[in-house]
Enquirer: 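The structure is given below, and queries will be raised subsequently.
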Amino acid sequence: MFAINKLVRPPKSLKGTIRVPGDKSISHRAVMLGALAEGDTRIENFLPGEDCLSTISCFKAMGVQFTMEQGGTTVTVHGKGVRGLREPATVLDAGNSGTTMRLLLGILAGQPFFSTITGDASLVNRPMGRVTGLLARMGAGIWGRQGGNYAPLAVKGGNLTGVTLHSQVASAQVKSAVLLAGLFAAGETTLVEPAQSRDHTERMLEYFGAAVSKRDTAVTVQGGVELKAADIFVPGDISSAAFIMVAASIVPDSDVTITEVGVNPTRDGIIEVLKAMGADIQVKNYTVINGEPVAEIRIKHAPLKGVEISGSMIPRTIDEIPVLAVAGACASGETVIRDAAELKVKETDRIRAVVEELGKFGVAIRELPDGMIIRQSQLAGAVSNSRGDHRMAMAAAVAGLAATGESLVEDAACINISFPGFFDLLDSLRE
Ligand code: S3P
């Protein structure tokens, strides 16, 4: 693939009403639970980004059929039932997607067959031991590089036993892998996490008829229960909306409304943090669709002030830190991000990447072992490189909107992983 470089010019202002593409986390889960359900699941506003397409192709390799309409944003999953997957004849390819690999490992652990899974150059260097170690304790056989910590991984599943497991990290991917394996285990499986991570899996499992219960940060699922197909509307991805929200906050005179955005309380930290920074945000028209809260977000330009982002706010903003760092660079005083060492094992080391890339725009920013400190800076146009990380590419583009002069985002094609049409949507808001 050729690297695509994108030129970014600062706009006078950003104005208009838009929708952002469907939520990535919910799109993945709708495909997975739809595949394991009895009957057809119709998914509307599905995210046809590369990560979710990787999930679909893995399930195709296990005999599940899909019907795609509306440019891939409406997907019907022809479910096979909890015991309907067949042994894949090829290596499953999760591409760049940690969610595909980790959640799928949970499902593969429950199958009475052999499978192998790998991913791209970034994914084969991301830790899988946090998942494979727990699945092994349920009885799965999983082999991979460095004791099963890195893909390619081989799985021999089946005969799982429900147990209570504790995750060392607040990770929805770890929690979801264990809960999905729990569907195939004898008895009850409980996962306890150190802090609340996004809860889309629990919500969707209930929506599909699984027996799920929650207590503080412990979630329990009952094994051996059938799932029933259920139609899903995927709300707009708040992690994608975040780039537009920060852009509208920092570009003078902006006024942008984003409709039908998912505002699940385990994901909406960006709204709380931006409000604490002084942003002008209104959230209205709340509804709940297939168990997920959805709302309209209006955001206008406002002067921002620095804040500290740490503790339990980190899991609620984990994917938004790169763009929150851009907001921090435009905010008076200092913005401090701590307790975010997890950023080092994302699509790239996002602490190092944010520090180095924002540094190119002239931002005064210092790396910490578990975060960064950012001081208000006058941004100057720069040539930034995404390092193949979609959220780094979009964060650099947003920095370019607030900079003097032109900027170039190198290797921007990776934006298609989570936000196809990002630059067109941004251009539609330019005044
Ligand atoms: C995701 C969970 C988060 C997030 C990722 C998507 C999910 O990862 O960063 O983009 O869909 O479950 P962790 O669970 O590893 O924190």
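When a ligand or atom number is given, it counts from 1 through the structure's own listing order.
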Enquirer: With a cutoff of 4.0 Å, is Lys175 in contact with ligand 1, counting heavy atoms of the residue only?
Expert: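 It does not; every heavy atom stays at 4.0 Å or beyond.
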Enquirer: Should you measure from each heavy atom of Arg391, which atoms of ligand 1 turn up under 4.0 Å away?
Expert: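 The atoms of ligand 1 under 4.0 Å from a heavy atom of Arg391 are 10 (O).
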Enquirer: Do any nitrogen or oxygen atoms of Glu342 lie less than 3.5 angstrom from nitrogen or oxygen atoms of ligand 1?
Expert: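 So ligand 1 has no N or O lying under 3.5 Å from an N or O of Glu342.
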Enquirer: Closest by any non-hydrogen atom to atom 6 (C) of ligand 1: pick that one out of Thr99, Asp23, Thr201.
Expert: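 Looking at heavy atoms only, the winner is Thr99.
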Enquirer: Taking side chain to side chain donor-acceptor pair (under 3.5 Å) as the criterion, tell me which of Asn264, Asp319, Asp23 meets it with Arg198.
Expert: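 Testing Arg198 for a side chain to side chain donor-acceptor pair (under 3.5 Å) against Asn264, Asp319, Asp23 leaves exactly one candidate, Asp319.
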Enquirer: For Arg130, is at least one N or O under 3.5 Å away from an N or O on ligand 1?
Expert: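 No, Arg130 has no N/O under 3.5 Å of an N/O on ligand 1.
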Enquirer: Where's the contact between His200 and ligand 1, heavy-atom distance under 4.0 Å: side chain, backbone, both or neither?
Expert: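 Within the 4.0 Å criterion, His200 makes no contact with ligand 1.
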Enquirer: Quick one: nearest non-hydrogen protein atom to atom 1 (C) of ligand 1, plus distance?
Expert: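 Protein heavy atom at minimum distance: Gln173 NE2, 3.5 Å.
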Enquirer: I want to know if ligand 1 touches Ala172 in the polar sense, i.e. an N/O pair below 3.5 angstrom.
Expert: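 Yes - when backbone and side-chain N and O of Ala172 are compared with those of ligand 1, one distance drops under 3.5 Å.
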Enquirer: Ignoring hydrogens and angles, state whether a donor on the side chain of Ser312 or Gln196 is under 3.5 Å from an acceptor on the partner side chain.
Expert: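 Ser312 vs Gln196: no donor-acceptor pair found between side chains.
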Enquirer: For atom 12 (O) of ligand 1, grab the closest protein heavy atom and report residue, atom and distance to one decimal in Å.
Expert: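 Scanning the protein heavy atoms, the shortest distance from atom 12 (O) of ligand 1 goes to Arg29 NH2, 2.7 Å.
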Enquirer: Which residue owns the protein heavy atom closest to atom 16 (O) of ligand 1, what's the atom, and how far is it?
Expert: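 That would be Lys346 NZ, 3.2 Å.
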Enquirer: What's the spacing between Leu343 CG and Met372 CE if we round to 0.5 Å?
Expert: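 Leu343 CG to Met372 CE: 6.0 Å, rounded to 0.5 Å.
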Enquirer: Say you draw a straight line from OG of Ser240 to CE of Met394; how long is it, rounded to the nearest 0.5 Å?
Expert: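 Between atom OG of Ser240 and atom CE of Met394 there are 5.5 Å.
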Enquirer: Examine ligand 1 and decide if any of its atoms is less than 4.0 Å from a heavy atom belonging to Arg350.
Expert: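 The answer is no, since Arg350 has no heavy atom less than 4.0 Å from ligand 1.
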Enquirer: Restricting to non-hydrogen atoms, name the atom on Ser310 and the atom on Asp339 that form the minimum distance, rounded to 0.1 Å.
Expert: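 Ser310 and Asp339 have their closest heavy atoms at CB-OD2, 3.3 Å.
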Enquirer: May I ask you to check whether Ser384 and Glu357 show a side-chain donor-acceptor distance below 3.5 Å?
Expert: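 Ser384 vs Glu357: donor-acceptor pair found between side chains.
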Enquirer: Where on His390 is there a heavy atom closer than 4.0 Å to ligand 1, on the side chain, on the backbone, on both, or on neither?
Expert: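 No part of His390 is near ligand 1 at this cut-off.
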Enquirer: Just heavy atoms, cut-off under 4.0 Å: does His28 contact ligand 1 by side chain, backbone, both, or neither?
Expert: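 Neither; nothing of His28 gets under 4.0 Å from ligand 1.
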Enquirer: Can you tell me how far the OG atom of Ser418 sits from the CZ atom of Phe243, to the nearest 0.5 Å?
Expert: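 Here the interatomic distance stands at 6.5 Å.
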Enquirer: For atom 14 (O) of ligand 1, which candidate among Ala177, Ser171, Pro127, Ser25 provides the closest heavy atom?
Expert: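 Looking at heavy atoms only, the winner is Ser171.
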Enquirer: Under the side chain to side chain contact (heavy atoms under 4.5 Å, CB included) criterion, do Lys156 and Phe113 qualify, and how do the steps go?
Expert: CA-CA 6 Å; Lys156 178 71 186 76; Phe113 55 64; 5.9 Å; no
Enquirer: Assess Lys6 against Phe423: is NZ or CZ under 6.0 Å from the centre of the six-membered ring, and within 45 degrees of the ring's axis?
Expert: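 Yes; both conditions hold, so Lys6 lies above the ring face of Phe423.
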Enquirer: Nearest 0.5 Å please: distance from the CD atom of Glu367 over to the CD atom of Glu356.
Expert: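 These two atoms lie 7.5 Å from each other.
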Enquirer: Identify, by atom number and element, the atoms of ligand 1 in contact range of Ile318, meaning under 4.0 Å from any of its heavy atoms.
Expert: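 Contacts of ligand 1 toward Ile318, numbered from 1: 9 (O).
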